[in-house]
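What follows is a single structure, written as structure tokens, with notes after it.
For this chain, numbers begin at 1 and follow the sequence in order. Note that the structure is a prediction, hence the values are computed from the model and not measured. Order of appearance sets the numbers: ligands from 1, and atoms from 1 within every ligand. For the numbers below, each heavy atom of this structure counts, side chains included, while hydrogens, waters and symmetry mates do not.
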Amino acid sequence: MDIKELKGVGDKTAEMFNRLSVYTVDDLVGLYPRDYDVYEEPVFINELNDEYVGNVVSIEAVVAGRPDVFRKGKLSIITVNIRDINGGTLKCKWYNMPYLSSSLKMGMRYIFRARLAQEKNKSFLFEQPQMYTIAKYNELMGSMQPIYPLTKGLTNNAVTKAIKQALDIYSGTLRKEFIPMHIRGRYELAEHNYAVNTIHFPQSFEEYALARKRLAFEEFFLFVLAVRSLKNSNERLPNGFVIQHDIRTQEFMGKLPFELTGAQQRAFDEIKENMVSDKLMSRLIQGDVGSGKTIVAVLALMNTAFAGYQGAMMVPTEVLAKQQYESTVALFDKLDIKLNVSLLTGSMTAAQKRAEYEKIASGEADIIIGTHALIQEKVEYKNLALVITDEQHRFGVNQRKELAGKGIAPPHILVMSATPIPRTLAIIVYGDLDISVIDELPANRLPIKNCVVDESYRETAYKFITSQVDAGRQVYIICPMVEESENMDAENVVDYTAKLKEVLPANIRTAYLHGKMKAKEKNEIMSSYAVGEIDVLVSTTVIEVGVNVPNATVMMVENAERFGLAQLHQLRGRVGRGEHQSYCIFMSGNKSKKTKERLEILNKTNDGFKIAEEDLKLRGPGDFFGVRQSGEMDFGIADIYTDSRVLKIAADSAQEVLDDDPFFEKEDNRYLAEKVAVYTRKCMEKINL
Ligand code: ADP
Ligand code: MG
């Protein structure tokens with residue numbers, strides 16, 4: 001059923017929903033809240049202190065005077081003081097809401113609710129507070145109101161209404177349960193329909209937790225079943241491409257400006273062993289950011305090329321593809337390696353692509369680097385023997401099948417990932433891949449210096465950035481996230497950059513990058529940054545993966561408190577990649593001790609999984625809404641860190657089902673089999689963007 005069939009959803013609204021990948025009523029029901037608003041007990045004004053700044057608070061108070069209405073340029077501003085029962089007063093301020101003055105008569109009593117701000121003179125301020133009658137507030141208190149992912153023009157209210165309608169429709173036609181009853185019983189998993197309803201409108205935290213557990217289980221369960229069934233079809237393929245270690249690769253290694261770390265050497269040895277064995281390679285290289293996975297991949301590609309075959313490396317973004325391509329070509333030029341490297345990305349012109357297709361088909365291209373364009377229909381390889389997916393997720397192995405479908409013998413597969421997960425979980429998530437771990441950083445690295453600061457440090461931070469740029473270094477700034485909607489981040493980056501330009505010295509070259517920019521623009525910005533033509537790059541988290549600019553030494557993250565620590569750790573990995581001392585500045589928009597403590601975990605350890613674990617320990621229940629730990633492993637609601645226990649039981653359960661009925665032949669498992677098939681297809685679509 002199309003979402004347009006819902007009341008109040010016309011073409012225009014439907015289009016906005018489409019931007020959130022919601023097309024059908026079914027999709028809409030699957031649009032889970034990204035957070036919840038909890039209406040807490042009001043506090044007294046004289047209780048407020050620095051730690052409240054940046055947090056939402058409610059205050060019961062009366063309007064303590066006549067509102068002041070004035071204009072500032074295009075803005076109309078209202079301010080008024082409110083006073084509570086203890087006599088504390090607080091200034092409230094609204095922009096462009098002149099009609100409010102009629103509700104702000106002296107003596108009128110409301111609950112005012114806003115994020116607490118602080119003026120330059122340190123006094124507290126309520127900006128744009130919401131006002132509730134006492135009765136209405138009492139009704140809301142303790143409940144959890146869903147906050148949905150939004151897109152420009154779409155309000156939370158509109159989404160909430162549409163979802164209510166959708167759930168009503170569904171309550172008439174309950175969907176079938178597909179998790180076997182005995183498994184649900186054993187792990188106390190809620191029923192599917194209940195969980196879906198409750199995740200949207202939980203009445204309490206307990207209800208929410210129950211619903212979330214069920215839905216996370218469900219995702220992992222289907223995921224593991226999908227991976228395991230793929231595994232069965234991929235297992236133990238004979239090696240059609242025996243590739244020996246080449247003396248030229250060995251010589252190249254000797255001429256590199258650095259020596260491989262022990263861990264890199266081990267990973268490469270394991271690859272070499274796989275490639276000469278009688279079975280095809282299916283290997284995961286797991287190594288933290290900056291551990292040097294790329295060079296290992298390049299060595300494998302060289303051996304393949306010297307053996308007379310082609311090797312391809314697929315990366316998730318155009319920016320990264322271009323960068324990998326350029327650095328590989330430069331390295332080959334410098335060390336006199338006569339191999340032809342091709343680049344293939346979606347944004348190339350038709351003529352450019354055609355030229356590359358020809359080189360690939362004729363075998364002139366030895367190594368091909370690119371995005372998903374690499375496995376598009378029009379590409380024909382002469383003899384592709386190795387496919388590497390860098391910073392790519394779990395379905396790498398399945399792409400082998402796609403290539404096989406094009407009449408090509410199945411190649412060796414190497415998957416590289418920086419998602420730090422313990423081996424026990426990696427075995428589940430990566431299915432049938434053998435695992436090499438690069439658990440050692442190159443020796444020339446100076447540990448990154450971190451600091452957690454608040455707004456009052458901003459000026460100092462900008463001064464520091466200026467001094468680093470003067471010393472010839474480069475800087476990343478991760479822009480604040482927009483709370484209302486991730487899709488508004490783009491505008492935010494543009495605004496932030498404009499403001500930054502005003503405060504930084506004019507000679508500092510600033511640019512921005514965000515996900516909504518055209519691939520070509522992004523490539524241009526990233527290339528200029530890589531060659532040092534840009535000093536300060538303001539960006540959303542799009543630069544999170546893979547980018548390597550060793551001259552960049554400062555990473556400043558705005559609103560750091562809103563990120564999962566594991567994600568901050570990945571961001572931090574963009575600096576500290578060269579010989580210079582690097583710095584990470586986590587700017588927190590709130591001064592609470594807890595936030596500070598949480599961010600300080602990043603100082604204690606460099607192990608991404610430990611970081612995520614510590615983070616969980618420190619957060620209380622209900623404290624971790626909306627914070628995604630893993631950027632790379634993208635599930636709907638589940639998170640491999642936050643829900644690692646659920647992942648384990650889901651994997652055990654999936655195995656139990658498969659042991660009992662490996663090919664889903666039992667009547668009872670019919671519906672489950674359908675679900676798995678749909679899930680597998682969905683995942684495949686995701687990777688074929
Ligand atoms: P990642 O594992 O995050 O993909 P990269 O492969 O991009 O890391 O490597 C990060 C940087 O470290 C690159 O500039 C690379 O040239 C350098 N590097 C890789 N291996 C070594 C090594 N053994 N010694 C010194 N530097 C290295
Ligand atoms: Mg990398």
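Short contacts between ligand 1 and Thr294, defined as distances under 4.0 Å to a heavy atom of the residue, involve ligand atoms 4 (O), 5 (P), 6 (O), 7 (O).
Inclusion of Pro442 in the set of residues having an N or O under 3.5 Å from an N or O of ligand 1 is not warranted. Considering both main-chain and side-chain atoms, Phe258 never comes within under 3.5 Å of ligand 1 through any nitrogen or oxygen pair.
Distances shorter than 4.0 angstrom do not occur between any heavy atom of Gly287 and any atom of ligand 1.
Remark: side-chain polar atoms of Asp246 are not paired, donor with acceptor, to backbone N or O of Asn303 under 3.5 angstrom. Looking at Asp366, its side chain never comes within 3.5 Å of a backbone N or O of Val341 through a donor-acceptor pair. A distance-only check finds no donor-acceptor pair linking the side chain of Gln310 to the backbone of Ala305 [under 3.5 Å]. Remark: the backbone N or O of Ile448 is not paired with any side-chain donor or acceptor of Gln581 at under 3.5 angstrom.
Around atom NZ of Lys449, no more than 12 heavy atoms belonging to other residues, nucleotides or ligands sit under 6.0 Å away.
When non-hydrogen atoms are compared, ligand 1 lies under 4.0 Å from the backbone of Leu260 (N, CA, C, O) but not from its side chain. Using a 4.0 Å cut-off between heavy atoms, Asn548 contacts ligand 1 through its side chain alone, with no backbone atom that close. In Met416, neither the side chain nor the backbone holds a heavy atom less than 4.0 Å from any atom of ligand 1.
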Evaluation steps, side chain to side chain contact (heavy atoms under 4.5 Å, CB included), between Ile337 and Phe306: CA-CA 10 Å; Ile337 295 293; Phe306 286 136; 4.2 Å; yes
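The residue among Gln264, Glu259, Arg574 with a heavy atom at the shortest distance from atom 19 (C) of ligand 1 is Gln264. Within the set Ser417, Pro257, Gly292, the minimum heavy-atom distance to atom 8 (O) of ligand 1 is found for Gly292. The option from Gln265, Gln286, Lys293 that lies nearest to atom 1 (P) of ligand 1, judged by heavy atoms, is Lys293.
Between Lys359 and Glu356, at least one side-chain N (NZ, or NE/NH1/NH2) sits under 4.0 Å from a carboxylate O, which counts as a salt bridge.
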